[in-house]
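Below, chain A is the first sequence line, B the second, and so on; all start at residue 1. None of these values were measured; they are calculated from a predicted model.
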Amino acid sequence: MISRQTSQKIAFTLLTLAAFVVVVPIVLVVGYIVVQGAGAISWEFLTAMPREGMREGGILPAVVGTVVLTFGTAIVAMPIGIGAAIYLAEYARDTWLTRLIRLAIINLAGIPSVVYGLFGLGLFVLFLNFGTSILAGSLTLGLLTLPVVISTAEGAILSVPQSFRVVSISLGGTRWQTIRHQVLPHALPGIITGVILGLERAAGETAPILFTVAAFYLPRLPHSILDQTMALPYHLYVISTQVPGMPVEVQFGTALVLLILVLSFNVIATIIRSHFRRLRQW
Amino acid sequence: MTEQAKFLIENLTFYYDSGPPALRNINLTIYPHEILVIFGPALSGKSTLLRLLNRLNDLVYDTRMEGRILLDGEDIYAPGVNVTELRRQVGMVFALPIPLPTTIRGNVTYGPRLAGERNRARLDELTEQSLRAAALWDEVKDRLDEPANALSGGQQQRLCLARVLALQPEVILLDNPTSGLDPLSTAKVEASLQTLKRDYTIVMVPHSVQQAARIADRAAFLLSGELIEHNIAAELFTRPQDKRTEDYITGRFG
């Protein structure tokens with residue numbers, strides 16, 4: 001029989017270990033990429049076109065492609081996602097239809113990203129005839145991002161105290177005025193956080209862009225939204241597996257740039273959230 | 001009474017969900033420029049009745065209502081009634097002061113702005129007028145653009161009253177407005193109500209029987225959703241007709 005004090009100590013030790021085990025791989029991964037890739041980072045690496053079968057030159061088109069795709073994703077996912085969240089949180093009653101919608105959203109979140117890629121290929125690239133293009137890629141990534149945007153935005157909307165709604169309605173506000181003037185301003189930080197977290201995931205995805213937009217090797221910037229483009233995650237995959245004799249430094253440098261890009265999204269989300277939290281007056 | 005009724009409540013029965021009725025066959029007339037107090041123990045249906053008068057219960061799903069409520073002779077539940085307009089006509093002050101998370105001025109002008117008032121001078125005028133009527137002007141006139149949350153509880157509740165007055169309503173509903181207030185603030189709110197009834201009709205759920213007796217012109221006693229009796233306050237609190245009313249006001253239960 002172990003004494004209560006001993007079991008308490010064992011539990012505490014195990015829990016502490018678990019917390020550290022989580023941190024260790026993150027530190028190792030980031031540290032390894034930084035150490036291996038930092039040497040490749042230079043002005044030329046960031047601003048030049050790739051040369052010599054991507055072994056030389058820079059990764060500019062991939063960086064631009066990823067940034068453009070992220071914006072495209074935001075343009076697709078934000079209006080639909082936030083609109084759906086407002087509907088579900090503010091207007092929808094608990095009926096079989098809204099239950100079905102919620103179920104669909106949960107399931108959307110669980111679909112493997114490669115399936116989104118195939119779906120995007122079938123619907124946007126082929127059926128709607130957008131071709132392999134930034135448009136098709138943005139729509140595909142937008143769909144992938146929707147569940148995250150909807151559920152975080154809905155959570156943010158629901159966390160606005162009900163009493164503000166009742167007060168606004170009782171002062172002669174319509175439902176929409178109440179949403180517009182009371183609910184949305186206070187839910188905004190949460191909504192923005194959700195959108196950025198969703199975009200962060202989209203920016204790093206490879207499978208959905210594989211069939212819909214990503215170019216293997218296209219050493220120029222895209223001309224229009226119907227143009228293909230290179231993108232960082234896919235570029236990383238290509239130079240790591242498809243190009244013989246690729247300098248390791250370039251591979252890790254590319255990974256580092258992608259990492260920094262995604263992390264900067266995170267930082268922006270945190271800044272926005274804390275900025276709005278300071279403005280909040282309840 | 002020869003006077004025209006402000007509110008006429010006829011055979012009103014109201015259900016939440018499928019349970020027993022929250023209100024049973026209520027018949028009550030509310031006259032202009034009076035303070036009508038609706039009192040009774042918890043869960044007797046006072047707040048429900050109050051919320052039916054400006055259709056705030058519309059926000060609750062799965063309710064059922066029988067009977068009619070007329071405001072100035074018009075059925076407020078008739079199809080086609082402009083509910084937001086009704087809520088401006090019949091304002092509500094809640095038990096707990098809930099300032100909107102904005103400035104003092106922002107709170108007072110919220111209703112008029114939603115109604116489309118954009119004129120800055122008109123809004124300023126409304127702000128001063130409403131805050132004066134709620135006996136708050138002198139305390140806040142120099143800090144109208146500070147957060148409403150910085151006010152004390154008593155000031156917040158008077159702000160909520162001012163916010164309703166800025167709608168320029170005809171009727172003010174007060175659902176236990178002094179529940180969270182200290183005696184001094186309570187006295188201030190009660191005093192402003194006595195002034196306000198010159199311009200408005202006031203329907204109030206009081207904090208206690210004592211408060212009811214202090215401020216009511218007429219009083220209605222509700223018990224388990226039934227209107228037991230209603231009368232001029234001086235009569236009802238001194239010579240109640242019903243044994244249950246007498247038991248309640250003398251503190252034998254409740």
remark   = Cut-off 4.5 Å, heavy atoms of chain A, and the answer for Arg163(B) is both
task = Select one option (side chain, backbone, both, neither) describing which atoms of Ile98(B) are under 4.5 Å from chain A's heavy atoms.
result = both
query = So, Lys188(B) and Glu190(B), do they make that salt bridge, N to O below 4.0 Å?
reply = no
ask   = Can a salt bridge be assigned to the pair Arg93(A) and Asp62(B) using a cut-off of 4.0 Å between side-chain N and carboxylate O?
value = yes
request  = Could you tell me which of Gln177(A), Arg180(A), Arg165(A) has the largest number of non-hydrogen atom pairs under 4.5 Å with chain B?
outcome  = Gln177(A)
query = Quick one: what part of Arg175(A) sits under 4.5 Å from any heavy atom of chain B, side chain, backbone, both or neither?
reply = side chain
ask   = Looking only at heavy atoms, which two atoms of Gly137(A) and Thr212(A) are closest? And how far apart?
value = CA-OG1, 3.6 Å
Leu151(B) backbone acceptor or donor facing Gln156(B) side chain under 3.5 Å = yes
task = Kindly check if the number of other-residue, nucleotide or ligand heavy atoms within 6.0 Å of CD (Glu125(B)) is above 12?
result = yes
request  = Taking the six-membered ring of Tyr77(B) (Phe, Tyr or Trp), confirm whether the NZ or CZ of Arg55(B) is under 6.0 Å from its centre and within 45° of its axis.
outcome  = yes
task = Can you label the angle between the Tyr16(B) ring and the Phe14(B) ring as parallel, tilted or perpendicular, going by 30° and 60°?
result = perpendicular
message = Over 60° means perpendicular and under 30° means parallel, so tell me whether His186(A) and Phe164(A) are parallel, tilted or perpendicular.
response = tilted
message = With a strict 4.5 Å heavy-atom criterion, list every residue of residues 106-118 of chain B that contacts chain A, or say none.
response = Tyr110(B), Gly111(B), Leu114(B)
